[in-house]
Amino acid sequence: MKYRRVGKSGLKISELSLGTWLTFGGTMEDEVAEQCINTAIENGINFIDSAEIYARGGAEKVIGEWLAEETVDRNKIVISSKVFWPTSDNVNDWGLNRKNIMSAIEGTLERLGTDHIDIYFMHRFDYTTPLRETVEVVDDLIRSGMTHYWGTSAWTAAQLERVHAIAREIGAHPPIVEQPMYNMFFRHIELEIMRVATDLGMGFTVFSPLAQGLLTGKYNEGIPEGSRGSRFESLKKRLTPETLAKLKKLAEIAESLDITMSQLGLAWILRRPEISAALIGASRPEHIIENVKASDVKLNNNVLEEIEGVLKNKPAWPETYEPNIYYEDRIRY
Ligand SMILES: NC(=O)c1ccc[n+]([C@@H]2O[C@H](COP(=O)([O-])OP(=O)(O)OC[C@H]3O[C@@H](n4cnc5c(N)ncnc54)[C@H](OP(=O)(O)O)[C@@H]3O)[C@@H](O)[C@H]2O)c1
């Protein structure tokens with residue numbers, strides 16, 4: 001495993017790190033989730049990403065149970081959580097206002113059974129709270145030791161520039177990391193966000209690096225029973241003939257390199273020095289064992305060109321991922 005600095009901060013995380021969305025406290029038995037964390041740690045992963053909203057606190061609880069084990073050294077693990085999404089019907093129980101952030105982090109720390117997290121992500125931009133209010137409250141959290149660093153998730157380039165300007169103006173800690181979706185099919189950050197965030201000293205911990213499983217090749221011959229694609233219509237819909245044709249060509253490239261499609265997809269992400277880590281999801285320990293090997297794969301320029309020839313896609317906002325429309329219909333103003 002190789003480790004990368006998170007932007008210009010001194011924090012170092014494994015370039016492949018473990019995500020807990022849908023799986024922890026959700027589709028996976030707790031026992032298997034624990035096996036996944038142990039496998040991740042044994043393979044050099046030091047960063048576990050979570051959120052208040054994952055399984056409505058369930059993911060954090062599973063991590064907390066693991067952290068409570070005697071053999072676990074909390075100080076060796078980097079843990080993140082996130083705040084934004086509504087957790088009840090209460091009018092203040094969502095977003096990036098002071099009240100919600102203060103109560104959300106208390107719940108997070110309680111479920112994790114720790115007195116601090118390492119990175120606190122603002123899970124989306126909040127158009128109803130002054131950005132300065134958010135910067136001030138997160139700065140308070142850092143100064144009180146409840147979180148060591150903070151980050152943003154799915155923010156636009158302009159929002160990242162604004163938040164850094166405010167932090168500079170008031171002498172507050174700026175976010176050190178952005179967490180966007182990024183994979184061979186979703187490359188919108190290459191347009192502008194990657195350059196802007198890097199100039200601001202931010203790193204990237206990217207989510208859905210394998211397009212939720214599409215890029216593992218598991219759907220190349222149909223939808224396996226029990227897979228994420230068998231559960232979620234939105235993923236099924238993405239299995240168009242065009243996408244399948246691309247997946248099959250990517251499988252050929254992977255085979256010619258004697259690696260798996262997952263390893264190809266992850267090594268393709270890690271080709272960019274702006275990336276601090278790809279957050280891999282896993283529904284069984286074997287996924288982690290296979291995926292961490294991507295850390296040993298370096299794709300040369302010929303292979304990268306071959307991949308571009310297959311993808312034939314330009315970085316653009318995916319229809320389903322325009323941040324402004326991404327959640328507005330779900331939030332009550
Ligand atoms: N900030 C945000 O808004 C946001 C949003 C989404 C995710 N995230 C974070 O990013 C993490 C990763 O996202 P993701 O789960 O979508 O990532 P992903 O790595 O693209 O997809 C993970 C899923 O693909 C399948 N898979 C992975 N490796 C495999 C392998 N080697 N062989 C076969 N199947 C394999 C598994 O699904 P099945 O076995 O169930 O089919 C697994 O759960 C999340 O856990 C979360 O921490 C953040």
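Whatever order the structure lists ligands and atoms in, that order sets their numbers, starting from 1.
Checked against a 3.5 angstrom limit, the closest N/O atoms of Lys82 and ligand 1 fall outside it. For ligand 1, the polar-atom distance check against Glu290 finds a nitrogen or oxygen pair separated by under 3.5 Å. In terms of N/O distances under 3.5 Å, ligand 1 is not approached by Gly226. Of the N or O atoms in Trp21, one or more lie within a sub-3.5 Å distance of an N or O in ligand 1.
Between Met261 and Asn220, some side-chain heavy-atom pair lies under the 4.5 Å cut-off.
If you look at Gln212 next to ligand 1, the close heavy atoms, those under 4.0 Å, come from the backbone and the side chain alike. With a 4.0 Å cut-off on non-hydrogen atoms, Asn291 touches ligand 1 through its side chain and not its backbone. Contact annotation: for Thr216 versus ligand 1, heavy atoms closer than 4.0 Å belong to the side chain alone. Both the backbone and the side chain of Pro209 come within 4.0 Å of ligand 1, counting heavy atoms alone.
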**Request:** Go through the steps to decide whether Thr87 and Ile53 satisfy the test side chain to side chain contact (heavy atoms under 4.5 Å, CB included), and finish with yes or no.
**Result:** CA-CA 7 Å; Thr87 48; Ile53 194 67; 4.2 Å; yes
**Message:** Show, in sequence, the C-alpha distance, side-chain angles and deciding distance for Tyr149 and Val6, and conclude whether the side chain to side chain contact (heavy atoms under 4.5 Å, CB included) test is met.
**Reply:** CA-CA 10 Å; Tyr149 302 92; Val6 183; over 6 Å; no
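Residue-ligand proximity, His123 to ligand 1, at heavy-atom distances under 4.0 Å covers atoms 1 (N), 2 (C), 3 (O). Close approach of ligand 1 to Ser262 is summarised as follows: ligand atoms under 4.0 Å from at least one heavy atom of the residue are 30 (C), 31 (N). Interface of Asp49 with ligand 1, defined as ligand atoms under 4.0 Å from a residue heavy atom, comprises 9 (C), 46 (C), 47 (O). Interface atoms of ligand 1 facing Ser227, defined by a heavy-atom separation under 4.0 Å, are 41 (O). Contact atoms of ligand 1 toward Tyr219: 41 (O) (distance under 4.0 Å to a heavy atom of the residue).
Across Ser208, Gly229, Gly19, Ser283, heavy-atom proximity to atom 17 (O) of ligand 1 is greatest for Ser208. Between Gln179, Arg284, Arg228, it is Arg228 that holds the heavy atom closest to atom 15 (O) of ligand 1. The closest heavy-atom contact to atom 3 (O) of ligand 1, among the options Met181, Glu286, Arg124, comes from Arg124. For atom 27 (C) of ligand 1, the choice among Ala278, Gly281, Gly217 with the nearest heavy atom turns out to be Gly281.
Using a 4.0 angstrom heavy-atom cutoff, Ala211 counts as in contact with ligand 1. At a 4.0 Å cut-off, at least one heavy atom of Tyr54 sits close enough to ligand 1 to count as contact.
With respect to Asp139 and Arg143, a salt bridge is recorded, a charged nitrogen being found less than 4.0 Å from a carboxylate O. Contact check on Arg271 versus Glu190 returns a salt bridge, with a Lys/Arg side-chain nitrogen under 4.0 Å from an Asp/Glu carboxylate oxygen. The pair Arg74-Asp118 counts as a salt bridge, with a side-chain nitrogen and a carboxylate oxygen less than 4.0 angstrom apart.
For the pair Ile189 and Met181, the tightest heavy-atom approach, listed with the atom from each and the gap, is CG2-O, 4.4 Å.
Residues Asp49 and Gln179 have side chains that bring a donor and an acceptor to within less than 3.5 angstrom of each other. Using modelled atom types and a 3.5 Å distance limit, the side chains of Ser50 and Glu60 yield no donor-acceptor pair.
Between Trp21 and Tyr54, the ring planes lie tilted relative to each other; the angle falls in the 30° to 60° range.
Taking a 6.0 Å sphere around CD of Glu308, one finds it holds more than 12 heavy atoms contributed by other residues, nucleotides or ligands.
Proximity of the aromatic rings of Phe121 and Trp155 is defined here by a centroid distance below 6.0 angstrom, and this criterion is not met.
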